[in-house]
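Structure record follows, encoded as structure tokens.
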Amino acid sequence: MGLNRVRAEGVKGFLSDDEGARLYELAAEVAHRGPCLEIGSYCGKSTLWLGEACREAGGVLFAVDHHRGSEEQQKGADFFDPELWDEAEGRVDTFQLFRRTLDRAHLNDTVVPLVSKSTVAARFWATPLSLVFIDGGHTYEAAYNDYACWSRHIIPGGYLLIHDIYDSMDEGGQAPHHIYKMAVATGQYEVVERIGSLGILKRYPCGILPAELPEKDY
Ligand code: SAH
Ligand code: MG
């Protein structure tokens with residue numbers, strides 16, 4: 001994990017080391033039980049942390065991203081990075097840097113990039129997942145789609161992780177917070193903790209019931 005911290009420093013992205021270290025720990029716990037999947041890889045910062053844990057566990061990480069950037073990363077927007085602009089194509093391209101990150105971290109036999117819109121990758125998805133990390137588009141539509149398309153594949157005891165949860169509009173957009181609250185409201189998840197803007201939910205294992213059930217059930 002120390003190695004990861006060093007590697008992650010050199011990769012562009014939107015994840016603190018503390019959040020990354022937690023991703024690593026959670027993936028390390030469950031990666032032997034099924035593939036992990038992230039939505040929103042960008043240049044591979046989160047992929048490094050999750051991927052390293054999957055590699056050590058003999059697991060697999062599916063990394064979903066169309067690699068054309070979110071709304072706020074387009075030319076003229078707040079988080080535009082000119083180094084990610086493909087002049088010939090006239091659009092953002094994070095896939096080149098993402099591949100470089102995978103090469104340098106020796107993750108090519110662990111990470112499966114799905115260069116696709118999240119909803120398209122999800123269309124025929126039928127594989128149970130041990131961990132889903134949602135860090136893709138921040139519109140309500142994108143966040144809701146990511147939640148609806150992918151959370152349903154999480155195995156009992158698996159993790160649903162949502163990034164960019166902010167308590168107020170002043171700190172940031174509310175779409176990730178909205179889907180986080182939707183997930184909690186289903187009663188299917190234990191609220192584990194919040195670290196930075198990362199919300200950690202654990203799908204209740206089979207046979208373990210939430211505490212708030214009525215005393216009598218007849
Ligand atoms: N996890 C990254 C940051 C992700 S930024 C890190 O650790 O640094 C958000 C990413 O989501 C962008 O790369 C963007 O291309 C991708 N994205 C946005 N909407 C998407 C969608 N609908 N389908 C797939 N990828 C999407
Ligand atoms: Mg994020």
Side-chain angles (χ1 to χ4, degrees), residues 4-5 7-24 26-27 36-54 61-75 77-81 83-86 89 91-102 104-105 107 111-123 125 131-151 160-166 171-180 194-200:
N4 244 333
R5 217 172 266 269
R7 284 190 186 130
E9 264 172 27
V11 178
K12 289 177 191 291
F14 306 98
L15 194 79
S16 73
D17 278 354
D18 287 349
E19 292 169 334
R22 201 73 181 95
L23 290 183
Y24 170 89
L26 297 168
C36 298
L37 183 140
E38 73 172 358
I39 305 111
S41 304
Y42 195 61
C43 300
K45 214 184 205 13
S46 50
T47 321
L48 267 185
W49 293 100
L50 292 169
E52 183 84 1
C54 290
L61 170 65
F62 291 99
V64 182
D65 197 315
H66 50 45
H67 287 286
R68 294 305 183 190
S70 299
E71 288 79 359
E72 67 274 19
Q73 296 158 355
Q74 302 304 315
K75 209 171 192 173
D78 287 353
F79 292 92
F80 176 65
D81 181 340
E83 286 177 17
L84 299 172
W85 182 254
D86 184 330
E89 295 280 335
R91 47 187 175 170
V92 169
D93 179 11
T94 51
F95 189 49
Q96 282 195 30
L97 268 188
F98 178 69
R99 292 197 83 172
R100 194 179 302 167
T101 303
L102 294 187
R104 289 189 175 159
L107 284 173
V111 176
V112 183
L114 296 178
V115 184
S116 162
K117 243 194 245 176
S118 166
T119 46
V120 178
R123 200 172 290 161
W125 192 269
L131 180 153
V132 169
F133 173 53
I134 299 182
D135 195 17
H138 284 164
T139 62
Y140 277 91
E141 186 185 355
Y144 177 74
N145 278 334
D146 291 342
Y147 166 67
C149 288
W150 296 107
S151 65
L160 172 59
L161 311 176
I162 301 174
H163 198 237
D164 300 304
I165 296 180
Y166 301 111
E171 296 166 81
Q174 293 295 299
H177 198 175
H178 185 73
I179 58 162
Y180 172 83
R194 181 99 68 85
I195 172 152
S197 76
L198 178 70
I200 302 172

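Counting starts at 1 for both ligands and their atoms, following the listed order.
Remark: ligand 1 and Gly69 share an N or O pair separated by less than 3.5 Å (distance only, no angle test). Close N/O approach between Phe14 and ligand 1 is found [any backbone or side-chain N/O within under 3.5 Å]. Considering both main-chain and side-chain atoms, Asp135 comes within under 3.5 Å of ligand 1 through a nitrogen or oxygen pair.
Considering only residues two or more places apart in sequence or on other chains, Phe14 meets the side chain to side chain contact (heavy atoms under 4.5 Å, CB included) condition with Tyr42, Gln73, Phe79.
Glu52 places no side-chain N or O within donor-acceptor distance of the main-chain N or O of Tyr24, the cut-off being under 3.5 Å. One N or O on the side chain of Thr101 and one on the backbone of Cys43 form a donor-acceptor pair closer than 3.5 Å. The main-chain N or O of Tyr166 is found under 3.5 Å from a side-chain atom of Gln174 such that the two form a donor-acceptor pair. At least one donor-acceptor pair closer than 3.5 Å links the side chain of Gln74 to the backbone N or O of Arg68.
Side-chain atoms of Ile39 and Cys149, non-hydrogen and from C-beta on, never get closer than 4.5 Å to each other. Leu50 is listed as a side-chain neighbour of Leu131, based on a closest heavy-atom distance under 4.5 Å.
Every atom of ligand 1 with a heavy atom of Gly13 under 4.0 Å away is listed here by number and element: 8 (O). Less than 4.0 angstrom separates some heavy atom of Gly40 from each of these atoms of ligand 1: 1 (N), 2 (C), 4 (C), 10 (C), 11 (O). Within ligand 1, counting atoms from 1 as listed, the ones closer than 4.0 Å to a heavy atom of Ser118 are 21 (C), 23 (N), 24 (C). Applying the 4.0 Å criterion to heavy atoms of Lys117 picks out, from ligand 1, the atoms 23 (N), 24 (C). Those atoms of ligand 1 with a heavy atom of Lys45 less than 4.0 angstrom away are 6 (C), 7 (O), 8 (O).
By the 30° and 60° cut-offs, the orientation of the rings of Phe98 relative to His67 is tilted.
Residue contact check for ligand 1: Gln73 places a non-hydrogen atom closer than 4.0 Å to it. The closest approach between Ser41 and ligand 1 falls below 4.0 Å for a heavy atom of the residue.
Here the closest non-hydrogen pair linking Val64 and Ala121 is CG1-CB, 4.2 Å. Of all non-hydrogen atoms in Glu72 and Ala77, the two that sit nearest each other are O-CB, 3.4 Å.
The proximity of Glu38 to ligand 1, defined as any non-hydrogen pair under 4.0 Å, does not occur for either the backbone or the side chain.
Here Phe133 and Trp49 keep their ring centres 6.0 angstrom or further from each other.
Nearest-heavy-atom check against atom 24 (C) of ligand 1 across Gly136, Ser116, Ala143, Ser46 picks out Ser116.
For the Mg ion (ligand 2), protein N, O or S atoms closer than 2.8 Å were enumerated as Asp135 OD1, His163 ND1, Asp164 OD2, with waters left out.
Applying the side-chain hydrogen bond (donor to acceptor under 3.5 Å, both in side chains) test between Ser118 and each of Asp146, Asn145, Asp65 identifies Asp146 as the sole match.
Of the protein's non-hydrogen atoms, His66 NE2, 3.3 Å is the one closest to atom 20 (C) of ligand 1.
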